Amino acid sequence: MRICIVGNSHIAALKAGHDAEPQAFREHSIEFFGLPGRRFQSLRFDIDRGLVFPDSHAQALALVTGGRFDRVAPEGFDVLVFHGCRVNLGKLCQSLLTGGPPSVRYSKRFLTAGVHGWLTTNETYRVMLQLRVHSQVRIMLSPMPMAAEGPTGSASAGGAPSLDVLQDIEALVDQCCASDGFVFSPQPRQTLTQDARTGSEYSSGSTRLLVAEQHEDDDTAHMNGAYGCLVLKSVLAKLPAC
C-alpha cells in the first residue's frame with residue numbers, strides 16, 4: 001500500500017521509527033512530506049497539483065522527501081496520514097476542564113459540536129476537507145503527542161488531564177473525523193501515563209526534522225523513533241477502517 005505521512009516537525013519521530021525498523025513496514029511504501037514550525041502552515045491544496053508548499057521552501061522540503069517529489073498528488077497514494085499538524089488534544093482537554101470534567105458539565109451533542117468547530121479552525125484540517133471534496137484518497141488524522149514527563153519521569157510544566165478525560169475527547173474527535181470522511185488514529189495507549197502524559201522514555205533523544213541533531217534535553221513536545229514506530233504501527237492497524 002502506498003502511504004504518505006504529511007505533517008510538521010512531529011513526523012521526524014515517525015521517520016526515525018520507520019528507518020529504525022524497516023522490516024516492520026516492508027509490506028508498504030511509506031513516504032514523508034512536511035516542514036517544521038510555521039513553514040508547515042503554508043501547506044495548501046491545489047486542485048491541479050495536490051498538496052504543495054511555496055517554492056521558497058523547496059530546498060528544506062527536499063531534505064524531508066529525499067528530493068523524490070515536491071508535491072503530493074492524491075492519486076499517487078492509497079492513504080494520506082496527517083500527523084501532528086498542531087492538532088493539540090492536550091490543550092483542548094485543558095480548555096474543556098475549566099470548572100470540572102466536561103462530560104459532567106456539557107451534553108455530548110454540545111461537546112461534539114464544539115470539538116468539530118475546534119477542528120475546523122485548524123489550517124490542516126481545512127486542507128483535509130478540501131481534499132475530501134476533490135479526491136477519493138483515504139485520509140487519516142494522527143494528533144501531535146501529549147506533552148511528555150520530565151527527563152526523570154516527573155511531570156513537565158503545565159497541567160494535564162486524566163487518561164479518562166483524554167479518551168472521552170478522543171472519542172469525540174473520532175466521531176467528528178468520521179462525519180467528515182476521515183479515520184482518526186489516537187496516540188498509542190502504551191505511550192501514555194495515567195495522567196495522560198507521554199512517558200519520558202519516548203521523548204528522550206528526539207531529533208529534528210531537517211537536521212540530524214537532537215532537541216534540547218528539556219524538550220517535552222517532540223518524541224523519538226521508538227514513539228514514532230508505535231504510532232506507525234497503530235496507524236497501519238487502522239487501515240482496514242479507511
Side-chain angles (χ1 to χ4, degrees), residues 3-11 13-14 33-45 50-51 53 72 74 79-99 101-103 105-147 158-189 192 196 198 221 223 231 234-235 238-239 241-242:
I3 301 168
C4 187
I5 311 293
V6 181
N8 52 8
S9 59
H10 294 289
I11 68 172
L14 278 63
F33 184 82
L35 291 169
R38 292 186 177 181
R39 281 175 284 189
F40 179 73
Q41 293 174 244
S42 64
L43 178 72
R44 295 292 181 267
F45 172 71
L51 297 177
F53 285 106
V72 172
V79 183
L80 300 182
V81 181
F82 290 83
H83 176 73
C85 306
R86 302 177 72 197
V87 179
N88 190 333
L89 298 191
K91 284 190 175 180
L92 176 60
C93 288
Q94 289 173 6
S95 66
L96 290 173
L97 277 171
T98 304
S103 60
R105 296 182 297 120
Y106 305 119
S107 68
K108 183 177 180 180
R109 182 177 180 180
F110 181 86
L111 283 171
T112 302
V115 169
H116 191 258
W118 175 79
L119 284 169
T120 56
T121 64
N122 181 284
E123 301 94 334
T124 308
Y125 199 85
R126 293 199 295 269
V127 168
M128 292 165 59
L129 290 170
Q130 288 179 292
L131 268 170
R132 175 51 60 237
V133 172
H134 297 286
S135 171
Q136 295 301 310
V137 68
R138 288 172 282 182
I139 302 173
M140 298 181 68
L141 175 65
S142 169
M144 59 183 286
M146 298 293 285
S162 68
L163 192 56
D164 288 343
V165 169
L166 174 61
Q167 290 174 331
D168 287 345
I169 297 303
E170 286 176 335
L172 293 172
V173 174
D174 181 82
Q175 181 177 337
C176 293
C177 283
S179 70
D180 287 328
F182 311 138
V183 171
F184 176 65
S185 183
Q187 180 169 341
R189 283 291 163 267
L192 291 164
T198 304
M223 304 303 148
V231 170
S234 180
V235 164
K238 284 272 188 176
L239 287 180
C242 284

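Treat the numbers as computed from the prediction; the structure is a model and nothing was measured. Counting begins at 1 with the first residue of the sequence.
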Criterion side chain to side chain contact (heavy atoms under 4.5 Å, CB included) on Gln187 and Met223, from CA distance to verdict: CA-CA 12 Å; Gln187 180 169 341; Met223 304 303 148; over 6 Å; no
Arg189, CZ: over 12 other non-hydrogen atoms inside 6.0 angstrom: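 Check passes, neighbour count above 12.
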Distance from [X] atom [atom1] to [Y] atom [atom2], nearest 0.5 Å?
X      : Y      : atom1 : atom2 : result
Gln130 : Leu51  : CD    : CG    : 9.5 Å
Leu80  : Leu141 : CG    : CG    : 12.5 Å
Leu119 : Leu92  : CG    : CG    : 8.0 Å
Thr198 : Met144 : OG1   : CE    : 9.5 Å
Leu111 : Leu172 : CG    : CG    : 5.5 Å
Leu131 : Ile139 : CG    : CD1   : 4.5 Å

Side chain to side chain, [X] and [Y], heavy atoms closer than 4.5 Å:
X      : Y      : result
His116 : Thr112 : no
Thr124 : Val87  : no
Leu43  : Glu123 : no
Arg132 : Asp180 : no

Test Trp118 against Leu96 for side chain to side chain contact (heavy atoms under 4.5 Å, CB included), laying out the working first. CA-CA 11 Å; Trp118 175 79; Leu96 290 173; over 6 Å; no
At their closest point, which heavy atom of [X] faces which heavy atom of [Y], and how far apart are they?
X      : Y      : answer
Ser42  : Phe53  : OG-CD2, 3.5 Å
His83  : Pro143 : CE1-O, 3.5 Å
Pro145 : Ala221 : CG-O, 3.5 Å
Pro74  : Phe45  : CG-CE1, 4.3 Å
Arg86  : Gln41  : NH1-NE2, 2.9 Å
Phe33  : Cys4   : CB-SG, 3.8 Å

Is the backbone N or O of [Y] less than 3.5 Å from a side-chain atom of [X], with the two atoms forming a donor-acceptor pair by type?
X      : Y      : answer
Arg126 : Thr121 : yes
Asn8   : Cys85  : yes
Arg138 : Gln136 : no

Tell me, with the steps shown, if Leu192 and Leu166 meet side chain to side chain contact (heavy atoms under 4.5 Å, CB included). CA-CA 10 Å; Leu192 291 164; Leu166 174 61; 3.9 Å; yes
Could you tell me how the ring of Phe182 sits relative to the ring of Tyr125: parallel (under 30°), tilted (30 to 60°) or perpendicular (over 60°)?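 Ring orientation, 0 to 90° scale: perpendicular.
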